[in-house]
There are 2 protein chains.
Amino acid sequence: MAEKVTIATVARHARVSRQTVSNVLNSPHIVRQETRQRVQDVINALGYRANQAARQMRTGRSRLIAARIDPTRDGINGSVLDRFLHGLTETADAAGYRVLLYTATDDEREIATYGDLLGTYELDAFVLVGTKYGDPRTEWLADRDVPFVTFGRPWDALDAHPWVDVDGAAGTAQATRRLLDAGHRRIAFIGWPVGSGVGDDRRAGWRDALRAASVDPTGLHRETEDGIAEGERLMRDLLVTVAPSAVVCASDSLALGALQAIRGVDPPVSVIGFDDTPVAAAVGLTSVSQPLGEAAARCVDLLTGVLDGDHETPTPVLLQPSLALRHTA
Amino acid sequence: MAEKVTIATVARHARVSRQTVSNVLNSPHIVRQETRQRVQDVINALGYRANQAARQMRTGRSRLIAARIDPTRDGINGSVLDRFLHGLTETADAAGYRVLLYTATDDEREIATYGDLLGTYELDAFVLVGTKYGDPRTEWLADRDVPFVTFGRPWDALDAHPWVDVDGAAGTAQATRRLLDAGHRRIAFIGWPVGSGVGDDRRAGWRDALRAASVDPTGLHRETEDGIAEGERLMRDLLVTVAPSAVVCASDSLALGALQAIRGVDPPVSVIGFDDTPVAAAVGLTSVSQPLGEAAARCVDLLTGVLDGDHETPTPVLLQPSLALRHTA
DNA sequence: TCCAGAAACTTGAACGATCCAATCCTGCCT
DNA sequence: AGGCAGGATTGGATCGTTCAAGTTTCTGGA
């Protein structure tokens, strides 16, 4: 069993002091080129890796970022998180950080977990996915000056923290315009009850796109909780009451329900979903696709900006979604 | 800003030495009840939390478990990992461990990542999801005595390491028996090419169940790579060649393809998938459901057994799947 | 009362890195 | 040649915890 390689081992082999080795690692520019190279060679030869625990003890930085993994509520939209986490892990890795998972059943427990993670692991930052009106979590973190980013806008606009989001309104607008271009005029919308930031945003995109084309959206939209059965129910209602020729949905779950409701209807009703989940790909549902990898990357960018660099609050990022075209629209 | 609470702070307040506080935390039984209570009270009052970095430095244990998050290849079956990870995080948390994510594009890079994670973060253990014949990763870890568990049997049976798996054969057998009970006799199987451990196992369950019911399985099965289009193609072939009245599939992707192929066929062909993915729930596909939360929990059990306790290789765990009944069978 | 032995508690050192302040070069200018 | 500025290098202290070894306190039996 080979002896453990520490900074002292490297120093001995390179005939320099520990501090010089440390400088090669942390402030290479203050070490003479020749010395730097020699130390670097020894590091490679011995396979030395800086011990994170020791480093953390001195610096107070763990190079760890926490992200929450949810209990896949819906199942369909859950895969969004999956893809986001993968992107996060990948980008964080490249930036020298690692992603630590945690779960929590409610806000209170989640905040307790923050305390635990910060206290025992000295986490550097948090990534929160999804925020709601008056989110107690962001407040708690902000109060304690803990760096964090949210994937999702702060709908309150109360306090400004770094965030990354995808322009949902632009997505539904794009979907609506595609339907308009295909000749549709009676384009309905199935979304979530008024009051959720994300839901209102997506509905607004559809409404504005219709208005821009001089189509009156009045009476063409329905609201419900998310779910396949709910989507099917509302679509049946729409068919009977306003007989739309196309429908834009706030989620793939709702769109899937709509698809079931229109089975056999002639001429076929066009359907566009939201999130481009695996289910959409599976059943050939056209859907608004969020650039999740990109979003994760920008989250890491914002965090490293706060952690490694300037103290100013970085500029929020709003990404544009695209339309994954399949055969339902 | 309150001063940082360390073990020394607690010791001072409780009028004992640092070591006694440490003992209260790590070996409570050697501290007198009265003292223990006093220290415990101070700990609660001050909100003291043991610093993991300092602890790790002394003990060499990080209380961190690494798990890989994949780039959601297929999309449909990807959600299995999602649910497994959530379970893992939850159970690990309860056992005092945290889950760290990593990614890798191939085995070689993954092994390089192991080295990095072990060297800089001193990870305690790895959880590998899915193993193949002659997996270089398990060999590398075993060679270095790094604790690890695999979710998935070692199909080689070369070296014995702790593993947890779900009895796929039992799952397909159960599915097949249900179809037999419903009166079906010509029950086909769509699976993966011979040579993948998981695929062969699932086919065997179907075959054995048919034989046990004195039905000859010859000619009733087809093999292909995983995918919806592939499933649809093979199902069309089956319809023409052997006209089965029901089919069991090795995955929900294949089953979904089969569903598309039988649309409009009368009398309706029964279909059963595998994995009980969100897609299955969405389209009403009956599917074999793996107890993923349970599997994750048992993985953590095995790991903590190795980490905290005995040096013996723990007994592998084989879990029984269940059938999620919906309207396709 | 005394003492042995166990139990309870305390003290100093160590883990491996970084920070700080002091020292050593090196080359340049006078 | 001597002095000096400036960068490169060095040794010692430190982060918060646990380990190993030491010291004190308690208990019970002669």
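On a predicted model such as this, the values are computed, not experimentally measured, just so you know. Throughout, a chain's letter reflects where its sequence line sits, starting with A, and its residues are numbered from 1.
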Residues within residues 33-54 of chain A bordering DNA chain D, heavy-atom distance below 4.0 Å: A:T35

Set out, in order, the CA-CA distance, both residues' side-chain angles and the distance that settles side-chain hydrogen bond (donor to acceptor under 3.5 Å, both in side chains) for B:T138 and B:H161, then state yes or no. CA-CA 8 Å; B:T138 53; B:H161 59 255; 5.0 Å; no

Below 4.0 Å from chain A heavy atoms, what is the first contacting nucleotide of DNA chain D and what is the last? D:dA8 to D:dG16

Which atom pair, heavy atoms only, marks the closest approach of B:C299 to B:V149? O-CG2, 3.7 Å

Given that B:R58 and B:H29 both sit by DNA chain C, which one's nearest nucleotide is further toward the 5' end? B:H29

Backbone N/O of A:L318 and side chain of A:D165: donor-acceptor pair under 3.5 Å: no

Aromatic plane relationship, A:W140 with A:Y114 - under 30° parallel, 30 to 60° tilted, over 60° perpendicular: tilted

The ring-ring contact (aromatic ring centres under 6.0 Å, His included) partners of A:Y48 (sequence neighbours excluded) come to none

Can you list, by residue number, the residues of residues 13-21 of chain B that have a non-hydrogen atom closer than 4.0 angstrom to DNA chain D? B:R18, B:Q19

Qualifying salt bridge (Lys or Arg N to Asp or Glu O under 4.0 Å) pairs with a residue from residues 109-123 of chain B, counting only residues at least two apart or across chains: A:K4-B:E122, A:R49-B:D116, A:R98-B:D116, B:R68-B:E110, B:D106-B:R109, B:E110-B:R137

Residues that B:E34 engages under side-chain contact (heavy atoms from CB on, under 4.5 Å), provided they are two or more places apart: B:R32

Any side-chain heavy atom of B:V99 sitting closer than 4.5 Å to one from B:D93? no

Within the structure provided, determine whether A:I111 and A:P136 are in side-chain contact (heavy-atom separation under 4.5 Å). yes

Per the end-axis method with five pairs at each terminus, what is the bend angle of the helix from C:dT1-D:dA30 to C:dT30-D:dA1, to 10°? 60°

Are there over 12 heavy-atom neighbours, none belonging to A:Q320, within less than 6.0 Å of that residue's CD? yes

May I have all residue pairs that pass salt bridge (Lys or Arg N to Asp or Glu O under 4.0 Å) and include part of residues 294-305 of chain B, sequence neighbours excluded? B:E294-B:R298, B:R298-B:D301

Going by salt bridge (Lys or Arg N to Asp or Glu O under 4.0 Å), name the residues that satisfy it together with A:E90, two or more places apart in sequence or in a different chain. none

Check every nucleotide of DNA chain C for an atom under 4.0 Å from a heavy-atom of chain A, then give the first and the last such nucleotide from 5' to 3'. C:dG16 to C:dC20

Are the side chains of B:T6 and B:R18 in contact, using a 4.5 Å heavy-atom criterion? no

Contacts of A:A296 that satisfy side-chain contact (heavy atoms from CB on, under 4.5 Å) - sequence neighbours left out: A:F84, A:L88

In chain order, what residues pass the side-chain contact (heavy atoms from CB on, under 4.5 Å) check against B:A95, with sequence neighbours excluded? B:Y97, B:V300, B:T304

